[in-house]
Amino acid sequence: MPRIRVLIADDHAVLRAGLKLLIAAQSDMEVVGEAAGGRETVRSAQATAPDVVLLDLTMPGGRSTQTIKQLVQVAPSSRVLVLTMHDDPAYLQAALLAGASGYIVKKAADVELLTAIRAVHHGRTFVDLTRPGDQAQGRELRSRDSPAAGQPLPLSRREVEVLRLLAQGHTNQEAADHLAVSVKTIETHRRRLCDKLGLKSRAQLFRFAVEVGLLEGDVARPGDE
């Protein structure tokens with residue numbers, strides 16, 4: 001059985017060494033490269049074609065979102081899993097919009113990180129924003145229609161806009177009016193959102209929007225449809 005090829009990108013050598021030991025101890029994984037900066041990560045990904053790039057957000061060598069976008073371009077078959085100290089949903093939203101397939105905080109347990117690596121490798125989206133005092137809350141999302149080894153399914157900017165409006169309780173017509181598009185277009189985006197995220201109802205879309213920080217202020221909780 002082929003191993004999951006992992007590229008570790010972090011500017012702290014001690015952390016890279018620890019991650020390398022953890023990953024190398026897994027029978028289904030191997031480390032194919034290391035990098036300590038954004039530009040070095042892009043070059044290494046292009047040279048080694050890893051299955052998963054384990055990427056720290058705060059490294060020298062350019063903005064993290066730009067690094068993610070470049071990785072998606074130069075290594076389209078690679079999945080980007082962000083491993084970071086930042087538990088702010090705004091960072092999560094930016095990373096997913098840039099093309100990352102997963103996001104996990106460094107305070108998460110080892111088993112959560114390994115689960116996240118396997119999840120994104122199999123074409124799923126994995127999110128863990130565990131904060132101090134919280135129980136582990138990693139969330140694995142998978143498209144019902146995508147094969148296990150299919151491509152990750154990042155949301156487009158328009159899909160994020162539609163998701164936010166629907167989660168705020170707007171009807172399809174109101175969302176269409178707000179975005180100056182047809183109701184049919186909103187329905188299409190909503191169907192794609194449900195397919196990509198493996199969700200079925202407005203309430204589930206609402207919960208996902210809350211988890212990734214798309215909602216601000218108090219909003220009414222929509223009921224299941």
K.L.:
To check you understand the geometry: which heavy-atom pair defines the closest contact between Ile104 and Leu81, and what is its length?
P.N.:
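For Ile104 and Leu81, the tightest heavy-atom pair comes out as CG2-CD1, 4.2 Å.
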K.L.:
Do Leu15 and Leu22 land in one hydrophobic cluster if side-chain heavy atoms of ILVMFWY residues count as linked below 4.5 Å?
P.N.:
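Yes; tracing contacts between hydrophobic side chains, which count when under 4.5 Å, links both residues.
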K.L.:
Out of curiosity, Ile8 CD1 to Leu54 CG, how far, rounded to the nearest 0.5 Å?
P.N.:
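If we round to the nearest 0.5 Å, Ile8:CD1 and Leu54:CG are 6.5 Å apart.
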K.L.:
Rounded to the nearest 0.5 Å, how far does CD of Glu174 lie from CG of Leu166?
P.N.:
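If I round to the nearest 0.5 Å, the distance is 10.0 Å.
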K.L.:
Mark yes when over 12 heavy atoms from residues, nucleotides or ligands other than Arg63 sit less than 6.0 Å from its CZ; otherwise mark no.
P.N.:
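For Arg63, atom CZ is not crowded (no more than 12 foreign heavy atoms under 6.0 Å).
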K.L.:
Show the nearest heavy-atom pair for residues Ala108 and Glu112, with the distance to one decimal.
P.N.:
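Looking at all heavy atoms of both residues, the closest pair is CB-CB, 4.1 Å.
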K.L.:
Where do Ser101 and Val120 come nearest, in terms of heavy atoms and distance?
P.N.:
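For Ser101 versus Val120, the nearest heavy atoms are O-CG1, 3.5 Å.
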K.L.:
Linking I/L/V/M/F/W/Y whenever their side-chain heavy atoms sit closer than 4.5 Å, directly or via other members, would Val53 and Val74 fall into one cluster?
P.N.:
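Yes, same cluster.
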K.L.:
Distance check, rounded to the nearest 0.5 Å: Ile117 atom CD1 versus Asp51 atom CG?
P.N.:
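If I round to the nearest 0.5 Å, the distance is 11.0 Å.
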K.L.:
Indicate if Val80 and Val32 have the same hydrophobic cluster label, given that clusters are the connected sets of ILVMFWY residues with side-chain heavy-atom separations under 4.5 angstrom.
P.N.:
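The answer is no; the residues belong to distinct hydrophobic clusters.
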K.L.:
What distance do Asp56 atom CG and Leu19 atom CG have between them, rounded to the nearest 0.5 Å?
P.N.:
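Those atoms lie 10.0 Å apart.
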K.L.:
Output the distance between atom NE2 (His121) and atom CZ (Phe126), rounded to the nearest 0.5 Å.
P.N.:
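Here the interatomic distance stands at 15.5 Å.
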K.L.:
As a quick check of understanding, evaluate side-chain contact (heavy atoms from CB on, under 4.5 Å) for Tyr91 and Thr84, giving each step before the final call.
P.N.:
CA-CA 9 Å; Tyr91 285 92; Thr84 179; over 6 Å; no
K.L.:
Taking all non-hydrogen atoms of both residues into account, name the closest pair between Ala9 and Thr41 and its distance.
P.N.:
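For Ala9 and Thr41, the tightest heavy-atom pair comes out as CB-OG1, 3.3 Å.
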K.L.:
Only one of Arg192, Arg190, Lys196 clears salt bridge (Lys or Arg N to Asp or Glu O under 4.0 Å) with Glu159; which?
P.N.:
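With Glu159 as partner, salt bridge (Lys or Arg N to Asp or Glu O under 4.0 Å) holds for just one option, Lys196.
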K.L.:
Could you tell me the separation between the NE2 atom of His189 and the CG atom of Leu193, rounded to the nearest 0.5 Å?
P.N.:
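Output value for this atom pair is 8.5 Å.
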K.L.:
Dump the intermediate steps for side-chain contact (heavy atoms from CB on, under 4.5 Å) on Val82 and Ile68, then the final yes or no.
P.N.:
CA-CA 9 Å; Val82 171; Ile68 295 172; 4.1 Å; yes
K.L.:
Would a 4.5 Å heavy-atom cut-off, applied to side chains only, mark Met29 and Arg118 as touching?
P.N.:
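Of all side-chain heavy-atom pairs linking Arg118 with Met29, at least one is under 4.5 Å.
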K.L.:
In the structure I gave you, are the side-chain heavy atoms of Asp10 and Lys106 within less than 4.5 Å of one another anywhere?
P.N.:
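Answer yes - side chains close enough.
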K.L.:
Show the nearest heavy-atom pair for residues Arg16 and Ala36, with the distance to one decimal.
P.N.:
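Looks like NH1-CB, 3.6 Å.
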K.L.:
Can you list the steps and then say if Arg158 with Val181 is a side-chain contact (heavy atoms from CB on, under 4.5 Å)?
P.N.:
CA-CA 11 Å; Arg158 178 48 59 93; Val181 298; 3.5 Å; yes
K.L.:
State, to 0.1 Å, how close Gly38 and Thr67 come at their nearest heavy-atom pair, and which atoms those are.
P.N.:
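Looks like CA-OG1, 3.8 Å.
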K.L.:
My understanding is that only residues two or more places apart in sequence, or in another chain, count here; which of them pass side chain to side chain contact (heavy atoms under 4.5 Å, CB included) with Arg3?
P.N.:
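Per chain and number, Arg3 pairs via side chain to side chain contact (heavy atoms under 4.5 Å, CB included) with Glu30.
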K.L.:
Salt bridge between Arg43 and Glu40, side-chain N to carboxylate O under 4.0 Å?
P.N.:
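Answer for the salt bridge query: no.
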